[in-house]
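Each remark here refers to the structure printed beneath this line.
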Amino acid sequence: MTDAASRVDELRELIRHHNWRYYVLDDPEITDAEYDMLMRELIALEEAHPELADPDSPTQRVGGAVSAGFEPVVHAIPMLSLDNMFDEGSLRAFDARIKRATGLAKVEYVAEPKIDGLAISLTYENGRLAVGATRGDGERGEDVTHNLRTIRAVPLVLPKGAPDSVTVRGEVYMRKSEFERLNQERASRGEPMFANPRNAAAGSLRQLDPKVTASRKLDAFFYYLPEAERYGIETHWDALDFIRSLGFRVNPEIILCDGLGETLEFIHRLADLRPMLPYEIDGVVVKVNRLDLQRKLGFTSHSPRWASAYKYPAQQVQTRVRDIIVQVGRTGVLTPTAVFEPVDVGGVTVSRASLHNEDYVRAKDVRVGDAVIIQRAGDVIPEVVRVLVEERTGDEKEFEMPRVCPACGSEVLREAGEAATRCISLSCPAKIREGMIHFASKGAMDIEGLGPSTIDRLLDAKLVADVADIYGLRLDQLAGLDRMGEKSAANLVASIEQSKSNPLYRVIFALGIRHVGENVAKLLASHFHSMDALIAAERDDLLAIPTIGPAIADSVVSFFSSEMNLETVKKLAAAGVRMSDEPEEAKPAAVEFDGKSFVFTGTLANLTRQKAEEAVENLGGRVSSSVSRKTDYVVAGENAGSKLARARELGVAVLSEQDFAEMLERAGCRLGDER
Ligand code: IVH
């Protein structure tokens, strides 16, 4: 082995170890700076020696290629759900049932926090992560391996001595702090917020672009080893120990309880601890510890008889409505928002809750001065549960939707059949401000240094009136702003300049057209290739694009029928903002590859997995990570495992590395040269 190869091996081992100390044990042995140094050294070596590439290297967690969709995965052992218990009586009944069925006077339970995330199943073959899937309907889930690989608590390789083939199950979740960071970012971009960390985690895991998943910082706990008895394990407690020894993160609060009494104590203790935990839990899962008893108790059609979930009641608190204010969003929607006397609800201070729209306020009959019960149930976003009508004094004030926009005084309109009331003015300052924040945000024009507070200062100083004015800003004007140094001003000018060359879809997205999110913007850009063509598009042209429906089509047409919007686009173009994309040259699809789906398994001797996958995609094929009936070819290298077996089972064509290389050659592609 060369020096580089052995150093790369050593670094990967070291980084894996420190990852495990940090993400699994929460007990790092080195500083972040030391860790970064190891990582940088490995990245540099891997760049200098592409032949040493390994998809399971710790450098590969940033997220690979975008996929077209998720392949179904059949769970060899179904992923069941749990029965719920909402009070102590049901828990006593559960315990009584188990005692009766087992003939024991006292049963040992493992009590675990019920993490509010989504269940996943990881299968390892020959010590490497082979397939990671969501629960789906319990029988069939979706293959989200690429996305799961970006989660640091998911081991990519298992330690030596791990079983050849093993499946471990657990929960992917989002920490409360990450959830708040993400929602703040979304709010500042005018994107809809996630209702709770569970939805945020699920949404993040089901991204087609693993880079998006990687940016969301998901986490995971593992709590189940199906078929534990195969490994000579006798209790669930030992199974947790076993998966911990394989490098999986196991929740530290989990305890072994001798009988119902200790279980109840744990449930009460955890309820007190709940607000302090960095993640959301919605209850306690109680599991019979002995695996022989579990086997004896068995399953109903949808859940095990040996486990059940005790659910905590939603966290509700009483407070008073101080005011109902109306906020104007980017699309001009007026949102009534209740302002409360601040109260602590499960560890979070709550001082406002959206009342959504006029009808909602009427239905709940919320008035200024009312005593109300508010909650953050599984839903972290606070909401008004009900008004304590019996506490009214008669001084409460009913809410009225303003007839003019609170930001600009223009007329507001509520269209028939719509719940939303909108400000119709194109020059509404609130709309302009929100629109500008969105325009500059990440994912849109991504102008670093142009956040809400800078935008407010620019608007106050009357340096900008619309988004196109951003491109006319001079260094001296920026440097003259409050709290803006020479250096930040220069950086801002540079990032404004840089944003001019953003791809067309970003510009389309940045315009803030209603219903046109990032994905729709990409569709429009790849269909029309230029802003002019998009502006000229008629409703029917838009409707002809798959997945574009009437709401989007109407919104696009109406956006570009406004003189003011057209003027803004013209100004942006004149400032040098890129307004077209070269149509992508149609790649020559090779007949043998075109539209065919490939799965790679095992180690290839003469090419890297990445190169092989790129070649397939360049030739018009698709690469997927799991074998299904829809797979056309399985390319099997050294030590191919269960995927090969599955291919044989389903009668899918299997290619050797040599066959594959010949096929590439027939398509005029020689990979040997690239190594
Ligand atoms: S055990 C057969 N343990 O709750 C074993 N589930 O309502 C089934 N969950 O789908 C799961 N924390 O998503 C188990 N410590 C825990 C859990 C847990 C959260 C979730 C999981 C499952 C759902 C069932």
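All ligand and atom numbering here is 1-based and tracks the order in the structure.
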Problem - Side-chain touch Arg61/Arg149, heavy atoms, less than 4.5 angstrom - result: no
Practice task
Would you check if the distance from the ring center of Tyr310 to the ring center of Phe86 is below 6.0 Å?
Solution key: no
Exercise for the section: Considering heavy atoms of the protein only, find what lies nearest to atom 14 (C) of ligand 1 and give residue, atom and distance to 0.1 Å. Expected result: Tyr223 CE1, 3.3 Å
Handout entry: Nearest protein heavy atom with distance in Å, relative to atom 12 (N) of ligand 1
Key = Ile115 N, 3.1 Å
Practice task
Classify the contact between Val285 and ligand 1 as side chain, backbone, both or neither, using a heavy-atom distance cut-off of under 4.0 Å.
Solution key: side chain
Problem - Heavy-atom gap Ala309 to ligand 1 smaller than 4.0 Å - result: no
Exercise for the section: Could you check atom 20 (C) of ligand 1 against the protein and tell me its nearest heavy-atom contact, residue, atom and distance included? Expected result: Glu171 OE1, 3.4 Å
Completion exercise
For atom 23 (C) of ligand 1, the closest protein heavy atom turns out to be Lys114 NZ, 4.0 Å
Exercise for the section: Give yes if a backbone or side-chain nitrogen or oxygen of Leu118 is under 3.5 Å from a nitrogen or oxygen of ligand 1, and no if not. Expected result: no
Handout entry: Flag for Ser625-Asp143: side-chain donor and acceptor within less than 3.5 Å
Key = yes
Exercise for the section: If you have a sec, work out which protein heavy atom is nearest atom 24 (C) of ligand 1 and how many Å separate them, to one decimal? Expected result: Leu82 N, 3.5 Å
Problem - Straight-line distance of Arg16 CZ to Glu13 CD, nearest 0.5 Å - result: 5.5 Å
Practice task
Report yes or no: does a heavy atom of Pro226 sit under 4.0 Å from some atom of ligand 1?
Solution key: no
Practice task
May I ask you to check whether Tyr35 and Asn19 show a side-chain donor-acceptor distance below 3.5 Å?
Solution key: yes
Exercise for the section: Could you label the plane-to-plane angle of the Phe242 and Tyr231 rings as parallel, tilted or perpendicular, counting under 30° as parallel and over 60° as perpendicular? Expected result: parallel
Practice task
Grab the two heavy atoms, one from Arg609 and one from Gly602, that are nearest each other, plus how far apart they are.
Solution key: NH2-O, 3.1 Å
Fill in the blank from the handout: When distances are taken from atom 15 (N) of ligand 1, the protein heavy atom at minimum range is Glu112 OE1, 2.7 Å
Handout entry: 4.5 Å side-chain heavy-atom contact, Val250 and Phe221
Key = no
Handout entry: Numbered atoms of ligand 1 (with element) below 4.0 Å of Pro304, judged on heavy atoms
Key = 2 (C)
Fill in the blank from the handout: Checking heavy-atom distances from atom 1 (S) of ligand 1 to each of Arg135, Met79, Lys287, the winner is Lys287
Problem - Option with minimal heavy-atom separation from atom 8 (C) of ligand 1, where the choices are Ile77, Leu80, Val110, Val286 - result: Leu80
Handout entry: Spacing of OG belonging to Ser177 relative to CG belonging to Leu182, to within rounding of 0.5 Å
Key = 11.0 Å
Handout entry: Non-hydrogen atom of Arg169 closer than 4.0 Å to ligand 1
Key = no
Problem - Any N or O of Trp306 closer than 3.5 Å to N or O of ligand 1 - result: no
Exercise for the section: Verify whether the ring centers belonging to Tyr633 and Phe600 lie closer than 6.0 Å. Expected result: no
Problem - Enumerated ligand 1 atoms positioned under 4.0 Å from heavy atoms of Pro113 - result: 12 (N), 15 (N)
